[in-house]
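This report concerns only the one structure given below.
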Amino acid sequence: MQDLPQIAKDPLLRKPTVAMLLGIALMAEIAYAVLNISTMPVYLQYDRQFGASVIGLIIATFLLCEAIFKGPCGAIADRFGRKWLIVIGPFISVLTTIATLLIPKNAGYLETISFMILRAMDGIGAALLWPAAFALIGDMVEDSKRQHAMSLLNMCYLVGIALALPIGGAANDLLGPQFANFTGSRSPALFLAAMLFLGASLLAYFGIKSEPRHAHDDDTEEHVSIWAVLGSIKEIPGFLALAAVSFIGIGFPMAIVKLFSEQQLHLSESQFGLLALPAALAMAISSVPMSKLGEKMGRARAVHYGLGLCTIGMGVISLGGIFPFLRHPFIVAIGIIPVGIGFLLTIPAWMAAVADINPKRRAVNLGAIMTAQGLGAIIGMPIGSVLYEKLQPLGVDFGRYSPFMGCAFCIGCGFLISLRVLKST
């Protein structure tokens, strides 16, 4: 495993344009993870008194809009360039995060609808950012480095989550009592997210000076149309099916993971963040060497083995719903290990394969994949939230673990689909 100084010597990281884009992606991912994973579920439950089902619906609104708009935003990035989409995307969430704190309490359906509208705007902001960022880093490097470059973006994603959980939780634990009578005890992390979004937007505005390709070629004229997005269905149908099914599983525990940690594992926000931090940082440090291992294995085998390991890891976690002696944070940590390794093998190989299918449609195809992933998560997340809440009468522990069982099943189905879609050579 490489250590951090060795990663810092990576040739791609020494390219100023690549390093700048990765810095923007890291800051933006920390902000999105603080907002959607670390803070929003607990803020809605404890400061706004929403149930798990409503929380799942609100977060699903974010995912739905992100999914719907990623394809069209990828087409816009192909036609008009990447920079302004990367600038505007995070800035939208600066405004929505602050507006979240201004929604009146106890306003009935108006309160719920207001949260859904703001999360929809967040989804549009994310849709502007990510296809453009993935396409831009694909533009910056030669073909032989593309999987490696995707792994660096993947590393930013993991480091972002790793840092978001402890710092978001610590912000609430340390400053929550002071904010309790002002904007709510779980609101300090929302202010933190707003500052991070603003930092990412400003860094993109001042740091991305030019793009490595001309974005106005005549042959990209058609890409701004909806037909260009629908064209990806014909061009990469197998990848889209694989993305949708796998992310249905990922969506199952998405909205309830913080609730699960507090209610089932009895961890505070800070404790949960500290539990996740070493594992996520280890995954981040391993991202580059694992991508190189994936290159040696071949993209198809990397996806096969990666999804297989994810299925095994989620299966281990799910066993706690059946066997009482496995209901322990240590078992969850053990299950995360193969999930992390599998994730590191799968995602860079998967995205690099899509990016290479048609360079002229790189952003729109990547956007279509992200749309399929988002739609899958949208389907899975509210179902997982309902299972978490409604199956507890059958057994409190069984109900709380049921979203992880659904996750293991769907990722297993994704593994079977990958055997057919991606042929090993």
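The residues of the chain are indexed from 1 along the displayed sequence.
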What is the minimum heavy-atom distance between [X] and [Y], and which atoms define it?
X: V257; Y: M254; result: CG1-O, 3.8 Å
X: A368; Y: L240; result: O-CD2, 3.4 Å
X: C410; Y: I248; result: SG-CG2, 3.7 Å
X: L196; Y: A31; result: CB-CB, 3.6 Å
X: P338; Y: G313; result: CG-CA, 3.5 Å
X: Y401; Y: H328; result: OH-N, 4.2 Å

Review point. Would R119 and I59 satisfy side-chain contact (heavy atoms from CB on, under 4.5 Å), going step by step from the backbone distance to the final call?
Key: CA-CA 7 Å; R119 300 291 73 78; I59 298 179; 5.8 Å; no
Taking side chain as C-beta onward, heavy atoms only, is [X] less than 4.5 Å from [Y]?
X: M405; Y: L387; value: no
X: Y43; Y: L101; value: yes
X: I208; Y: R82; value: no
X: V18; Y: L21; value: no
X: S246; Y: L307; value: yes
X: F206; Y: M20; value: no
X: M40; Y: F62; value: no
X: I68; Y: T371; value: no

Review point. Take atom OH in Y305; do more than 12 heavy atoms of anything else shown fall under 6.0 Å from it?
Key: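 Counting neighbours around OH of Y305, 12 or fewer heavy atoms of other residues, nucleotides or ligands fall under 6.0 Å, so no.
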Point to revise | Within 6.0 angstrom of F409 CZ, more than 12 heavy atoms from elsewhere | key: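 Counting other residues, nucleotides and ligands, CZ of F409 stays at 12 neighbours or fewer.
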Calculate, to the nearest 0.5 Å, the distance between atoms [atom1] and [atom2] belonging to [X] and [Y] respectively.
X: H304; Y: L419; atom1: NE2; atom2: CG; answer: 5.0 Å
X: I411; Y: L416; atom1: CD1; atom2: CG; answer: 12.5 Å
X: K296; Y: R301; atom1: NZ; atom2: CZ; answer: 15.0 Å
X: I86; Y: I24; atom1: CD1; atom2: CD1; answer: 6.5 Å
X: I117; Y: I58; atom1: CD1; atom2: CD1; answer: 11.5 Å
X: I312; Y: I317; atom1: CD1; atom2: CD1; answer: 12.5 Å

**Study point:** ring pair (Phe, Tyr, Trp, His ring centres under 6.0 Å) partners of residues 159-204, not counting sequence neighbours, each pair once
**Key:**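 Ring pair (Phe, Tyr, Trp, His ring centres under 6.0 Å) check on residues 159-204 returns Y32-F197, F179-F191.
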Practice item. Report the residues that fulfil side-chain contact (heavy atoms from CB on, under 4.5 Å) with I92, sequence neighbours left out, ordered by chain and then residue number. Key: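 With neighbours one apart ignored, the set is I88, T96, M121, L128.
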Practice item. List the steps, then state whether side-chain contact (heavy atoms from CB on, under 4.5 Å) holds for Y388 with Q263. Key: CA-CA 11 Å; Y388 183 87; Q263 296 172 356; 2.7 Å; yes
Any donor-acceptor pair under 3.5 Å from [X] side chain to [Y] backbone:
X: K83; Y: Y205; value: yes
X: R186; Y: Y46; value: no
X: T39; Y: L35; value: no

Practice item. Evaluate side-chain contact (heavy atoms from CB on, under 4.5 Å) for T112 paired with F50, printing each intermediate quantity in order. Key: CA-CA 9 Å; T112 302; F50 289 166; 4.0 Å; yes
Exercise for review: Apply ring-ring contact (aromatic ring centres under 6.0 Å, His included) to F260 and F404, showing your working.
Suggested key: CA-CA 10 Å; F260 176 84; F404 299 96; 4.8 Å; yes
Check your understanding: Under 3.5 Å, is there a donor-acceptor pair between the D47 and S185 side chains?
Key ->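 Per modelled atom types, D47 and S185 side chains form a pair under 3.5 Å.
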Check your understanding: What's the verdict on side-chain contact (heavy atoms from CB on, under 4.5 Å) for F239 and W350, showing C-alpha distance, side-chain angles and the deciding distance?
Key -> CA-CA 8 Å; F239 282 95; W350 188 344; 3.7 Å; yes
